[in-house]
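A, B, ... follow the sequence lines: proteins, then strands. Residue 1 opens every chain. Fair warning: this is a prediction, and the values are worked out from it, not measured in the lab.
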Amino acid sequence: MKNQDCELLVDYLEGSMAPEERDKFEAHLLACADCREVIEMTGDLPYLAEMTAPPAEMKGRILSAVFADEDETGTTPEETIVLNRQDGTTERPVQRSWTKYGLAAALVLSLLGNGYAFLALNGGEAVQEEEIRSVALEPAGAFNGAGEASIIEGEDGELTLAVETSELESLSGEQVYQVWLIADGDPMPAGYLSPAEGGESTAYFTFGENLDSWDTVAITLEPRYGNELPEGEVVLSAPL
Amino acid sequence: MEKISDTQLYSQIQARDRAALEQLYDRYERILFSFLVKMTADRELAEEALQEVFIKLWKGTGVFDEGKGTFSSWLFTMTRNTALDLLRKRKQAAVPLEEAGELVNGDASVIEEVEWQEKRKQIEAAVLKLSAEQREMIQLFYFKGYTHETIAEMSGVPLGTVKSRIRLALGKLKKSLHHLQERGAAHEESGL
């Protein structure tokens, strides 16, 4: 029996549905044997692949990566942030390390202090939002300062980037710390940090519903407000 | 000793049993790696995707629900989606459209594992019942990770048409495969 929901089968298999749409389609699957059978059939398609012998050391590499992940913190070897800047340079080597995200609520909430829950005002009522990712920002070179970035999903599915920093070096003149979301080297301005005494500052930036394309969050030290592309140095960053 | 089922292994993995994860890894390494190499045409990317899949399994990202189908089907879908995410992050499909290649590769002699060989034979037979256009749809959409939008753009065919062609191709493949499987089962029962 075909209905409108069956039309969404292709979108479902593309894996591109928003979580609510996917839930709705999965509810449809329980009632629609036809769609269910097609999806089940796709489980046979991988056998069309030519058998490829896996590299002998791959198992060791993968399992150690999986179990290393358990420690919740880890460091990558050296990686490179690719960031297209005003002056035309595109690469900026940064030693990265990160806090594994997503699992422990305690870890996730540590960003804003124990027991803190994100609250948003909605018609006068406090609405709890869900933090879906949290990463520690790593200072570049000898920069003094620390911070964490987290992604919060609102009830409407909108995502907000929250960046909280501490011990940032103080600014002079018109300087400002600017937050960027980066997708494959292309930065999008995502807020400013103006540290008060003690170097603490928090920025919030709502950027839509799709996190997938953003791979990095970075903070630069800019000579002034309003830059559309980074001009200054990256001081803190983390992969998302 | 009776072979422990995938679902049992999955439950043990949820209970943080490392040996269970390793067992599941051994069970699926070859098919998942082969599938990923076919999708990405890149062994390094295939390994990266496979690692991501097992990290997701270990972290419990995405939950298998028996009500939604078999474990292997769920695992293959999760694997495919993981590869698609990686490919999209790199803003590339695996290979250019014109190099997408044939879906059915006649060189079956390299296939050692009996189960694989049998399954593959059956699926190939079902695929051969599709029209060339339907085969291409499945090749591009399922294996090469092109979205229906991309296929529409590249082939100049309207979006809605591409979407229904993919659905029809998958639907027909499902029917042919069921038919072949039923026939195979009947042959087995009759001892033919």
Side-chain angles (χ1 to χ4, degrees), chain A residues 2 6-17 22 25-27 29-30 34-55 57-70 72 100-104 183-186 212-215 240, chain B residues 18 21-22 25-26 29-35 37-38 43 47 50-51 54-55 58-59 61 67-70 72-74 76-77 79-81 84-85 88-91 103-105 107 110-113 116 119-120 123-124 127 138 141-143 147-148 163 166-167 170-171 173-174 177-178:
Chain A
K2 294 274 172 294
C6 298
E7 299 294 325
L8 296 173
L9 177 69
V10 170
D11 303 77
Y12 182 72
L13 287 171
E14 270 177 14
S16 56
M17 278 178 155
R22 196 177 56 230
F25 186 78
E26 285 180 348
L29 281 182
L30 295 174
D34 220 23
C35 286
R36 212 167 49 233
E37 283 168 18
V38 169
I39 289 171
E40 198 58 41
M41 180 278 295
T42 61
D44 285 331
L45 290 178
Y47 289 94
L48 276 175
E50 295 78 31
M51 190 183 280
T52 311
E57 316 77 29
M58 185 173 79
K59 179 179 170 182
R61 286 196 295 268
I62 288 185
L63 291 185
S64 24
V66 170
F67 297 136
D69 205 56
E70 245 190 337
E72 294 190 334
K100 282 294 167 195
Y101 50 79
L103 271 189
D184 257 7
D186 291 327
D212 287 348
S213 55
W214 303 109
D215 50 61
L240 280 173
Chain B
R18 289 182 180 211
L21 187 88
E22 187 176 351
Y25 180 90
D26 289 340
E29 180 190 48
R30 193 165 278 252
I31 177 66
L32 291 181
F33 185 67
S34 303
F35 177 39
V37 168
K38 182 171 176 65
R43 292 169 70 95
E47 179 171 336
L50 190 62
Q51 178 171 310
F54 279 88
I55 286 176
W58 189 241
K59 281 165 69 171
T61 315
K68 288 177 197 162
T70 60
S72 60
S73 175
W74 174 79
F76 290 146
T77 303
T79 301
R80 180 172 170 272
N81 287 342
L84 291 183
D85 283 347
R88 281 169 196 160
K89 253 186 197 163
R90 297 187 179 200
K91 293 191 178 141
L103 188 57
V104 177
N105 183 329
D107 182 17
V110 293
I111 298 172
E112 301 144 12
E113 288 177 15
W116 189 321
K119 273 195 178 180
R120 182 173 170 163
I123 303 161
E124 279 184 351
V127 164
I138 288 178
F141 175 75
Y142 190 81
F143 287 104
T147 62
H148 63 282
K163 211 166 165 180
I166 296 169
R167 266 194 56 224
L170 289 168
L173 190 58
K174 178 203 80 178
L177 200 56
H178 275 198

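- Contact count versus chain A (heavy atoms, under 4.5 Å) is highest, among B/L50, B/D85, B/L32, B/T77, for B/L50.
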B/K174 and A/E40: side-chain contact (heavy atoms from CB on, under 4.5 Å), yes or no, with the steps? CA-CA 9 Å; B/K174 178 203 80 178; A/E40 198 58 41; over 6 Å; no
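- Heavy-atom pairs under 4.5 Å with chain A were tallied for B/F35, B/F33, B/W74, B/F141; the largest tally goes to B/F33.
- A donor-acceptor contact shorter than 3.5 Å links the side chain of A/T42 to the backbone of A/I39.
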Applying side-chain contact (heavy atoms from CB on, under 4.5 Å) to B/S34 and B/W116, what does each step give before you reach the verdict? CA-CA 11 Å; B/S34 303; B/W116 189 321; 3.3 Å; yes
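- Residue B/L177 touches chain A through its side chain alone, counting heavy-atom pairs closer than 4.5 Å.
- Among B/L21, B/I31, B/I166, the residue with the largest count of heavy-atom pairs under 4.5 Å with chain A is B/I31.
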Any chance you could lay out the side-chain contact (heavy atoms from CB on, under 4.5 Å) test for B/E22 and A/K59, step after step, and finish with the verdict? CA-CA 9 Å; B/E22 187 176 351; A/K59 179 179 170 182; 2.9 Å; yes
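- For A/L13, the parts lying under 4.5 angstrom from a heavy atom of chain B are both the backbone and the side chain.
- With a 4.5 angstrom heavy-atom cutoff, B/Y25 touches chain A only via side-chain atoms.
- Contact count versus chain B (heavy atoms, under 4.5 Å) is highest, among A/C35, A/A53, A/P54, for A/P54.
- A distance-only check finds no donor-acceptor pair linking the side chain of B/R167 to the backbone of A/V10 [under 3.5 Å].
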Assess whether side-chain contact (heavy atoms from CB on, under 4.5 Å) is satisfied between A/M17 and A/E26, documenting all intermediate values. CA-CA 11 Å; A/M17 278 178 155; A/E26 285 180 348; over 6 Å; no
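- With chain A as the partner, the residue from B/I123, B/N81, B/D26, B/V37 showing the most heavy-atom pairs under 4.5 Å is B/I123.
- Looking at B/T147, both its backbone and its side chain come within 4.5 Å of chain A, counting heavy atoms on both sides.
- In this structure, A/R22 is not positioned above the aromatic face of A/Y12 in the sense of NZ or CZ being under 6.0 Å from the six-membered ring centre and within 45° of the axis.
- The most heavy-atom pairs under 4.5 Å with chain B, out of A/M41, A/E14, A/R61, come from A/E14.
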